Amino acid sequence: MKKHSGMRPQDIVILLAIVAKGNAPWMMKDIAQETNISPSEVTESLNRSYKAGLIDKSKKKVMRHALLEFLTYGFRYVFPQEPGATARGVPTAFSAAPLDKLIMSTEKLVWPYAKGKERGQAVEPLYPSAVVAALQSPGLHELLALVDALRLGRARERELASLELKQRILNER
């Protein structure tokens, strides 16, 4: 196993993809295919997540409380983001479900994507393949949008995103 050199953005995408599966069985190759991340990178990512205490030793069970704690309190400091220029793309943060129903805003935030149907301020996705993965899995899209709300939002948006993530990650919903 390689030396742990800190979390990488794809680690969060992979952990959220596992969470989005709920209790359904999965294999590393499934996660690789669904996230468009190579199988070897998924393996390395799970090793980093194990070292960080975010997945168990078998690398099959996400340590949900630890993940939620990291996302809620540390995520925006480790993976900061600022909205950019207007672009066509896929809604994220409070512009996407589920927060778009709770927060009314004229401002739109999108992941740049040529086939996207919305226009808004561009937000760099956590990992380049995350947009396509989100389009293939509505559950993953919601989780990725919620973590974007944590790293981009003001206090109210972060609080709502944190509550929604808690429900989804801890399976309270």
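Predicted model, so just to flag it, every value in this text is computed and none were measured.
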Seminar exercise, completed: d(Q121 CD, E82 CD) to nearest 0.5 Å is 9.5 Å

Problem set entry | Polar side-chain atom of S129 near backbone of T35 as donor-acceptor pair, under 3.5 Å | yes

For this session: Grab the two heavy atoms, one from N47 and one from K59, that are nearest each other, plus how far apart they are.
Result: OD1-CE, 2.8 Å

Exercise. Where do M28 and T43 land on the side-chain contact (heavy atoms from CB on, under 4.5 Å) test, with the steps shown first?
Worked result: CA-CA 7 Å; M28 284 190 213; T43 300; 3.5 Å; yes

For this session: Evaluate the side-chain contact (heavy atoms from CB on, under 4.5 Å) criterion for residues V62 and I169: first the C-alpha distance (whole Å), next the side-chain angles of each, then the deciding distance (0.1 Å), finally the verdict.
Result: CA-CA 9 Å; V62 173; I169 291 174; 5.9 Å; no

Exercise. Can you tell me how far CZ of R76 sits from CG of L71, rounded to the nearest 0.5 angstrom?
Worked result: 13.0 Å

Problem set entry | Co-membership, hydrophobic cluster, residues M27 and L46, 4.5 Å side-chain | no

Exercise. Can you list the residues that meet the side chain to side chain donor-acceptor pair (under 3.5 Å) rule with S38, with sequence neighbours excluded?
Worked result: S40

For this session: Hey, can you tell me if H141 and W111 have their rings parallel, tilted or perpendicular (30° and 60° cut-offs)?
Result: tilted

For this session: Run through R158, E164, Q167, E157 and flag the one making a side chain to side chain contact (heavy atoms under 4.5 Å, CB included) with L146.
Result: E164

For this session: Identify whether F70 and Y73 are in the same connected component of the hydrophobic contact network (ILVMFWY, side-chain heavy atoms under 4.5 Å).
Result: no

Problem set entry | CA sep, side-chain torsions, deciding dist, call: R88, E118, salt bridge (charged side-chain N to carboxylate O under 4.0 Å, His left out) | CA-CA 6 Å; R88 175 181 305 280; E118 300 282 336; over 6 Å; no

Exercise. Can you name the nearest heavy-atom pair linking L68 to S162, along with the distance?
Worked result: CD1-O, 4.5 Å

Exercise. If you round to the nearest 0.5 Å, how far is CE of M63 from CG of L67?
Worked result: 11.0 Å

For this session: Mind listing the closest non-hydrogen atom pair of A66 and G53 along with its distance?
Result: CB-O, 3.6 Å

Exercise. Run the side-chain contact (heavy atoms from CB on, under 4.5 Å) check on V123 and V110 step by step: do they pass?
Worked result: CA-CA 6 Å; V123 173; V110 299; over 6 Å; no

Problem set entry | Residues that R151 engages under salt bridge (Lys or Arg N to Asp or Glu O under 4.0 Å), provided they are two or more places apart | D148

Exercise. Given F94 and L160, is the side-chain contact (heavy atoms from CB on, under 4.5 Å) satisfied, shown in steps?
Worked result: CA-CA 9 Å; F94 53 81; L160 288 171; over 6 Å; no

For this session: Answer whether the closest heavy-atom distance between the side chains of R156 and I103 falls below 4.5 Å.
Result: yes

Ignoring hydrogens and angles, write down the donor-acceptor pairs under 3.5 Å from the side chains of residues 7-25, residues two or more places apart or on other chains.
from, atom 1, to, atom 2, distance (Å)
Q10, NE2, E41, OE2, 3.0
D11, OD1, S45, OG, 2.7
D11, OD1, R48, NE, 3.3
D11, OD1, R48, NH2, 2.7
D11, OD2, R8, N, 2.8
D11, OD2, R48, NE, 2.9
K21, NZ, E34, OE1, 3.3
K21, NZ, E34, OE2, 3.0

For this session: Measure the CG-OG distance between D100 and S95 for me, rounded to the nearest 0.5 Å.
Result: 8.0 Å

Problem set entry | L126, V147, L150 screened by side chain to side chain contact (heavy atoms under 4.5 Å, CB included) with F79, the one that passes | L126

Exercise. If you draw a 6.0 Å radius around CD in E107, do more than 12 non-hydrogen atoms from other residues or ligands fall strictly inside?
Worked result: yes

Seminar exercise, completed: Tightest non-hydrogen contact, residues L140 and A134, listed as CD2-N, 4.4 Å

Exercise. In Å and rounded to the nearest 0.5 Å, what is the CZ to CD1 distance from R64 to I55?
Worked result: 10.0 Å

For this session: For L99 and A149, work out which heavy atoms get closest and say how close.
Result: CD1-CB, 3.5 Å

Exercise. What is the distance from atom OG1 of T92 to atom CD of Q81, rounded to the nearest 0.5 Å?
Worked result: 9.5 Å

Exercise. Taking all atoms of both residues into account, what is the closest heavy-atom pair of L144 and A130, and its distance?
Worked result: CD1-O, 4.0 Å

For this session: Kindly check if the number of other-residue, nucleotide or ligand heavy atoms within 6.0 Å of CD (E69) is above 12?
Result: no

